[in-house]
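One structure is given here, and the rest of the page talks about it.
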Amino acid sequence: MRSIVKTIFIIVIMQSISLITKGEDGYKLWLRYNRIADNAKYNEYRKLTKYAIFPGSSSVIKAAREELLNGLNGMTSQNPIITDKITEGETLIIGTPKTSRLINANLFNDGLRQSGAEGYFIENATVYGKKCLVIGANSDIGLLYGVFNFLKLLQTNHSIHSLAISDHPRIQYRILDHWDNLDRTIERGYAGSSIWNWHKLPGYIDQRYIDYARANASVGINGAVLNNVNANALSLTPEYLVKAAALAKCFRPYGIKVYLSIKFSSPVEIGGLKTADPEDLQVQKWWRDKADEIYHYIPDFGGFLVKANSEGQPGPQTYGRSHPEGANMLADALEPHHGIVMWRAFVYDNKVPDRAAQAYNEFKPLDGKFKSNVIVQVKNGPIDFQPREPFHPLFGAMPATPLMLEVQVTQEYLGFSTQLVYLAPLFKECLESDTYAKGKGSTVARVIDGSLEGHAISGIAGVANTGADINWCGHPFAQANWYCFGRLAWNPYLTSESIADDWLRMTFTNDKDFIACIKKLMLNSRETAVNYMMPLGLHHIMASSHYGPGPWVKIGKAGSKNGAFFYYHQADSLGIGFDRTHTGSNAVAQYFPEVKSKFESLESCPDEFLLWFHHVNWDYKMRSGNTLWNELVHRYYSGADSVKQMQHQWDKMDGKIDKERFVAVKQLLAIQYQEAVWWRDACIEYFQTFSNLPLPANYAKPLHSLSYYQQLTNHYVDK
Ligand code: BDP
């Protein structure tokens, strides 16, 4: 008897220990649907959602219903009873005018009007004299978005007693670009191999595909380019089209369309033609036939993404033709099926004196020459997803062409998946930049949402950071970058702060102290990374693997002075920085006059872009009162110190979230600190060889010599 009691005692103790320490692997992302911890809220939610009237049988409605039941079950430990009767104060009504006679009964005209084609409304209403909660939309997909947002209200512990919400997307094409290869490696992927298991498709459907679609739909993403922009022509063969079709089938109930990157030389590589010249009639026919074939497999196929004549990729220029000639040929092939062409303006061939000027020089003269189903995809900055760049001068400069913003969610230049860097502030910095194209207020957000010029199509793309790691993104906080990309794609006018708030609550906890402390940490994290990597407008000074510092790396010979190699930082004994004013490359002239004069004059150029636009003497007096050299040192040290602070703040959160993710982040922050010190010391020591100036007093000496950092090798980090 005693031994039975003892055993029971041990089991109880072990269970309670495992409850405290039970970890979470991060697989569920922000869709955890854990039981609501606040008991008052838990009871409120339980009562208001006891019954649900949720008719409809489309696959999208089924997905929405399943999500709602699953979410409510997890959060309130109760499955709503599906019914067709309203019980006072205890019923949810969910529907569109087509699926629900209640929604069609002229009671919700305002909500429906405000919801548009893809939006939704959520409100507490009185229907036939009875109080209830209504989620309504004009379309099934709008309803799915409404359901996800209703669940978010519960996850973030909002009161649901007096809701009057309506929302709709501001941008039409909200797309994740996967740079995934057919062999499951990922270009610039840092979270394991590709989530697409091409080998097992189409026969084997991994639950991940559905969970991927759920996560995307929950933030409003409605498209996925499945393969790398540096495309393999095989993607367009029937062998791979059936696989892409299987993925499209998984995504369809979640409103996500499939797109493919194409290789411009496909007619030669897989079509047996002698040329891929877009003016060749056989080539044109080949693409038309190919489009028909794709739509046979995937009737709602979204279209093509094209990287042409950039970094060695083939394109129309290979055959003496222009970008529009190439893009329009593909647009003609897709048009009968309502597909679009996303034509990238990221052109880089190492032959121009200033790479920052190349895309504008090539594309600005082409404005108005593209067909109406072509959208030109422009990176946020004129070089290449650097920690900080000024906005791309093409925004606002091609008024007759819809432009799509491309940002990078994967952290190629921002610490891979070992560093906590919340990217919403970076995305917002670009979106909020004023191009002055049509006077004050012509922000990048207004260029890309189509409102500035009244374009019929609008789009935004994010280079995905997903992989087969159990937590999808490698770093638990990298999930926030996927999340914030989606939220900003839906509404580029949201704040970084409100998005971080939602994400933290859904992903970790509603604990007030945790939210306050970690939200601040997230919001500062991008500036911190800029400081320890590339402060004051420095850019492209990473190692060739793109992991860690490499300011000494020589890049090609273009723009070289007296046969010297070209450096992005242009450091010499007098100073540092890339002169892009009229005395240098004059790339600054690509901006509208108000922006140009702000950047061109040393007085008005913001510190953060100083060395992007100016070559400045080491003893130049900065706004802070420091000399440039001292300020540079200060930025590098304060960046690394801020990571130390992040570690302290995180340590204080012990016990507030599950052990598993707490420990994971703790370890990653320790790595981030080492990497920050590595960046700091290597860059300071290297630049010191030009400035010949000592470290100002009170700064600890770098840990190692410059040659130590220059000899460091990091194998396979970019694989
Ligand atoms: C660069 C990446 C390279 C991509 C290229 C692109 O390093 O891997 O192929 O962008 O956007 O940043 O095409």
Side-chain angles (χ1 to χ4, degrees), residues 175-183 185-191 194 225-233 235 259-265 304-315 317 323 326-327 341-350 352 355-356 358-360 362-363 375-389 392 394 403-417 421 423 426-427 430 459-467 481 485 529 533-534 539-550 553 555-556 568 714 716-719:
I175 298 185
L176 271 185
D177 289 354
H178 291 267
W179 286 359
D180 295 21
N181 297 312
L182 301 182
D183 64 2
T185 57
I186 305 180
E187 176 139 356
R188 315 307 176 184
Y190 311 105
S194 169
V225 179
L226 299 180
N227 57 328
N228 192 351
V229 278
N230 300 309
N232 185 329
S235 297
Y259 298 72
L260 289 171
S261 295
I262 59 118
K263 187 155 195 178
F264 202 78
S265 52
F304 295 146
L305 173 64
V306 195
K307 173 175 178 177
N309 296 116
S310 175
E311 296 186 319
Q313 291 297 327
Q317 292 172 349
H323 287 292
V341 175
M342 296 173 284
W343 192 267
R344 295 178 91 223
F346 174 71
V347 281
Y348 172 43
D349 61 12
N350 229 355
V352 291
R355 173 179 175 184
Q358 187 175 351
Y360 180 100
E362 277 194 39
F363 275 80
I375 187 161
V376 172
Q377 184 168 302
V378 182
K379 286 189 180 180
N380 57 286
I383 296 251
D384 197 357
F385 297 139
Q386 295 300 291
R388 170 165 276 129
E389 299 194 32
H392 202 299
L394 271 177
L403 299 186
M404 184 168 183
L405 170 64
E406 180 180 7
V407 294
Q408 201 180 42
V409 182
T410 190
Q411 293 168 240
E412 176 182 0
Y413 301 99
L414 277 146
F416 290 15
S417 59
V421 183
L423 296 178
L426 187 162
F427 302 159
C430 174
I460 184 166
V463 180
N465 65 350
T466 49
N481 294 333
F485 166 72
M533 287 182 180
M534 308 187 197
H539 50 284
H540 218 289
I541 56 169
M542 64 287 162
S544 359
S545 62
H546 297 187
Y547 177 62
V553 174
I555 321 261
Y568 283 93
N714 291 284
Y716 308 125
V717 283
D718 55 343
K719 290 286 168 282

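The residues of the chain are indexed from 1 along the displayed sequence. Order of appearance sets the numbers: ligands from 1, and atoms from 1 within every ligand.
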Pick out which of F416, Y413, Y190, Y716 makes a ring pair (Phe, Tyr, Trp, His ring centres under 6.0 Å) with Y547.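 With Y547 as partner, ring pair (Phe, Tyr, Trp, His ring centres under 6.0 Å) holds for just one option, F416.
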Contact residues of ligand 1 (heavy atom under 4.0 Å), by chain and number: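 For ligand 1, the contacting residues are W179, E187, R188, V229, N230, K307, E311, R344, F346, K379, D384, E412, Y413, H546.
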Could I get the full list of ring pair (Phe, Tyr, Trp, His ring centres under 6.0 Å) partners for H178, not counting sequence neighbours?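 W196, Y212.
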Taking ring pair (Phe, Tyr, Trp, His ring centres under 6.0 Å) as the definition, give me every residue that meets it alongside F304, ordered by chain and number, with sequence neighbours left out.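 With neighbours one apart ignored, the set is W287, F301.
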Which pairs with one or both residues in residues 404-413 pass salt bridge (charged side-chain N to carboxylate O under 4.0 Å, His left out), sequence neighbours excluded?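 Those involving residues 404-413 are R188-E412, R344-E406.
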Could you verify whether a donor N or O on one side chain and an acceptor N or O on the other, from E362 and N309, lie under 3.5 Å apart?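 No, N309 and E362 have no side-chain donor paired with an acceptor closer than 3.5 Å.
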Between N714 and S545, is any side-chain donor less than 3.5 angstrom from a side-chain acceptor?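 Note: N714 and S545 side chains miss the donor-acceptor criterion.
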